[in-house]
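As structure tokens, the structure follows; a few thoughts come after it.
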Amino acid sequence: MSTSLLLRQVRHLSTAAATTSSSSSAISISKAKAKLRSELDPDKALEIYSSVSNHYTSPVSSRYAQDLTVKRLAKSRRFADIETLLESHKNDPKITQESYISTLIRSYGLAGMFDHALKTYNQMDDLGTPRSAISFNALLSACNQSKLFNQVPKLFKEIPQKYGFLPDRVSYGVLVKSYCESGSPELAIETMNEMEDKGIEITTVTFTTILDAFYKKGNRDEAERIWNEMLKKGCLPDVAVYNVRLMHHSQGGEAENVKGLIEEMSNLGLKPDTISYNYLMTCYCKCGMMDEAKKVYQGLEENGCYPNAATFRTLIYHMCRSEDFEEGYEMFKKSVKVHKIPDFNTLKHLVHGLVKKSKIDEAKRMCWTAKKKFPANFLNAWRKLEEQLDLAAIPSSGTGHLDGSDHV
DNA sequence: GTAGGGTTAG
């Protein structure tokens with residue numbers, strides 16, 4: 001189906017949703033989300049999205065599907081398509097709900113289209129949508145997402161005053177983020193003091209933003225001071241704030257410290273997630289402790305976690321570095337099986353390595369599978385790689401199915 | 001019903 005046709009259909013569907021309640025061909029939103037996660041092709045993503053977009057249930061459930069679709073389109077620089085898609089939602093009667101229009105504002109931000117986000121925010125008067133901190137927060141987030149960090153303080157000063165509402169702790173959270181992103185965590189601390197004066201709750205989230213900013217600046221002492229202040233203020237640490245600490249300790253290859261932080265989390269009753277374990281794994285890989293890294297991978301499931309694309313990418317990358325290409329190939333097959341294939345560059349190293357070790361059949365099978373699993377715009381890159389390495393012929397044994405049907 | 005952690009690499 002062509003994109004323009006599809007978009008026309010989407011528009012039709014969202015208008016139709018105003019009068020009729022459902023369409024029998026639509027797939028469930030949870031099914032769509034799962035499909036969207038593994039779909040890198042923007043056209044196909046749009047197709048999946050269009051089959052659920054007329055089934056708007058609540059902002060939170062449809063936002064994820066919309067965000068994924070917009071992100072795919074933005075990555076392909078298809079801004080006109082994003083506009084058509086998001087503008088079509090303005091025909092929906094739910095546009096008078098502040099939370100509904102807020103998802104559109106946020107999505108424009110995600111695409112880096114802040115001018116459209118602001119235009120939508122300004123349209124609220126005409127559309128008859130009431131304003132509060134909710135849509136304001138969406139606008140501020142859109143500003144940050146579009147990397148216009150310097151504009152956030154200005155909006156923060158002007159908009160609540162203009163429309164007569166008060167910024168809430170989330171609004172302040174976005175403001176803090178904008179200062180941190182501009183490289184001024186000092187201004188973020190000032191903002192935190194201001195929050196305290198105004199009686200606005202400072203949460204673990206706000207501290208996490210600032211903690212991360214100081215680590216990124218290489219100011220570890222200040223980061224530690226923020227961490228201690230957070231605890232002193234009675235904010236409970238959670239998995240996200242530990243992941244910030246894990247990230248910065250794993251970058252220095254401090255395997256013992258990272259291991260210690262993971263244990264600290266468990267002692268506090270926090271369950272490390274895939275991101276936490278990925279940091280531990282990365283750290284072991286960097287220290288050349290590949291066996292320990294593999295143990296982390298093998299233990300993921302019993303810890304209630306699933307490997308993601310970064311898990312496979314990290315393992316495959318470091319297996320290639322230590323010339324364990326066959327092991328890397330086994331890992332590649334596992335990644336295909338669970339639809340978490342790493343990026344092209346990582347796999348390129350692996351194909352080269354397999355050829356170097358005369359594992360021609362494996363290299364051919366890899367290319368064959370990758371061409372099927374990557375989005376269409378990668379087809380040329382894979383063909384070129386095949387040609388360079390003289391792998392273009394059909395794999396010698398069998399058809400080379402790697403997607404769970406054999407060989408895995 | 002919104003804010004924080006995944007360019008975890010070369």
Side-chain angles (χ1 to χ4, degrees), chain A residues 58-64 67 97-103 105-107 109 131-145 152 156 165 167-181 185 188 191-192 195 200-216 223 226 230 235 237-253 258 261 265 270 272-286 293 296 305 307-318 320-321 340 342-346 348-349 352:
Chain A
S58 72
V60 71
S61 69
S62 59
R63 199 187 65 221
Y64 183 72
D67 284 358
Q97 293 173 19
E98 192 179 8
S99 57
Y100 185 86
I101 200 164
S102 296
T103 65
I105 294 169
R106 261 182 48 98
S107 287
R131 290 173 201 275
S132 73
I134 292 170
S135 51
F136 175 57
N137 295 346
L139 183 71
L140 287 185
S141 302
C143 202
N144 269 347
Q145 294 280 5
V152 171
F156 195 91
F165 61 83
D168 63 10
R169 63 183 188 191
V170 176
S171 323
Y172 277 96
V174 187
L175 178 64
V176 161
K177 178 72 177 167
S178 78
Y179 284 134
C180 288
E181 289 285 346
T191 306
M192 225 164 46
M195 289 168 78
I200 290 164
E201 186 196 5
I202 303 168
T203 65
T204 304
V205 175
T206 315
F207 277 110
T208 305
T209 311
I210 300 175
L211 183 75
D212 182 51
F214 278 120
Y215 272 127
K216 281 194 175 126
I226 289 293
M230 184 189 106
C235 294
D238 59 15
V239 175
V241 74
Y242 264 99
N243 282 349
V244 167
R245 301 178 75 206
L246 283 167
M247 171 171 62
H248 291 97
H249 287 272
S250 69
Q251 276 167 359
V258 172
L261 283 171
M265 290 173 81
L270 295 170
D273 62 11
T274 303
I275 298 171
S276 322
Y277 287 117
N278 278 353
Y279 285 131
L280 180 62
M281 213 183 61
T282 304
C283 193
Y284 281 138
C285 287
K286 276 186 179 169
V296 176
C305 297
N308 60 21
T311 312
F312 290 112
R313 183 186 62 195
T314 304
L315 277 174
I316 291 174
Y317 174 74
H318 287 279
C320 288
R321 282 199 66 157
K340 308 278 181 195
D343 61 290
F344 176 77
N345 274 331
T346 303
K348 196 172 76 181
H349 285 302
H352 275 275

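Excluded from the calculations below are hydrogen atoms, water molecules and symmetry mates; all remaining heavy atoms, backbone and side chain alike, are included. The structure displayed is predicted, hence computed values, not measured ones. Letters A, B, ... mirror the listed sequences (proteins, then strands); counts begin at 1.
- As judged by a 4.0 angstrom heavy-atom cut-off over every strand, A/Thr311 is placed among residues making no nucleic acid contact.
- Using a 4.0 Å heavy-atom criterion, one finds that A/Ser250 contacts no nucleic acid atom at all.
- Counting any heavy atom pair closer than 4.0 Å across all strands shown, A/Ser102 reaches no nucleic acid atom.
- Less than 4.0 Å separates DNA chain B from at least one heavy atom of each of the following residues of residues 135-144 of chain A: A/Asn137, A/Ser141.
- Residue A/Thr203 has its side chain nearest to B/dA3 when only B/dG10, B/dT8, B/dA3 are considered.
- Scanning atom types as modelled, one donor and one acceptor separated by under 3.5 angstrom connect the side chain of A/Tyr317 and the base of B/dG10.
- Here the NE2 atom belonging to A/His349 is positioned 9.0 Å from the CZ atom belonging to A/Arg321, to the nearest 0.5 angstrom.
- Within the 4.0 angstrom heavy-atom criterion, only backbone atoms of the sugar-phosphate kind lie near A/Arg106; the bases stay farther away.
- Residue-level contact check: A/Arg321 touches the backbone only, with heavy atoms under 4.0 Å from sugar-phosphate atoms and none from bases.
- Relative to the side chain of A/Asn345, the nucleotides B/dG6, B/dA3, B/dG10 differ in distance, and B/dG10 lies closest.
- Every side-chain contact (heavy atoms from CB on, under 4.5 Å) that A/Val244 has, sequence neighbours left out, goes to A/Thr208, A/Leu211, A/Asp212, A/Tyr215, A/His248.
- Checking B/dT8, B/dA3, B/dG10 against every side-chain atom of A/Val205, the shortest atom distance belongs to B/dA3.
- Note on A/Thr346: a base of the nucleic acid sits closer than 4.0 angstrom, heavy atoms only.
- Contact annotation for A/Lys348: no contact, since no heavy-atom pair falls under 4.0 Å across all strands.
- Minimum atom distance to the side chain of A/Val170 is reached by B/dA3, of the listed B/dG6, B/dT8, B/dA3.
- At a threshold of 4.0 angstrom between heavy atoms, the contacts of A/Val176 with the nucleic acid are absent.
- Counted by atom type alone, A/Ser141 and A/Asn144 present zero donor-acceptor pairs between their side chains at under 3.5 Å.
- With sequence neighbours excluded, no residue forms a salt bridge (Lys or Arg N to Asp or Glu O under 4.0 Å) with A/Glu98.
- Each of B/dG6, B/dG10, B/dG4 was ranked by its minimum atom distance to the side chain of A/His349; first place goes to B/dG10.
- Residues A/Tyr172 and A/Thr206 fail the side-chain proximity criterion, which asks for heavy atoms closer than 4.5 Å.
- Put simply, the side chain of A/Thr208 and the base of B/dA3 share no donor and acceptor less than 3.5 Å apart.
- Of all nucleotides listed (B/dG4, B/dT8, B/dA3), B/dG4 comes nearest to the side chain of A/Asp238.
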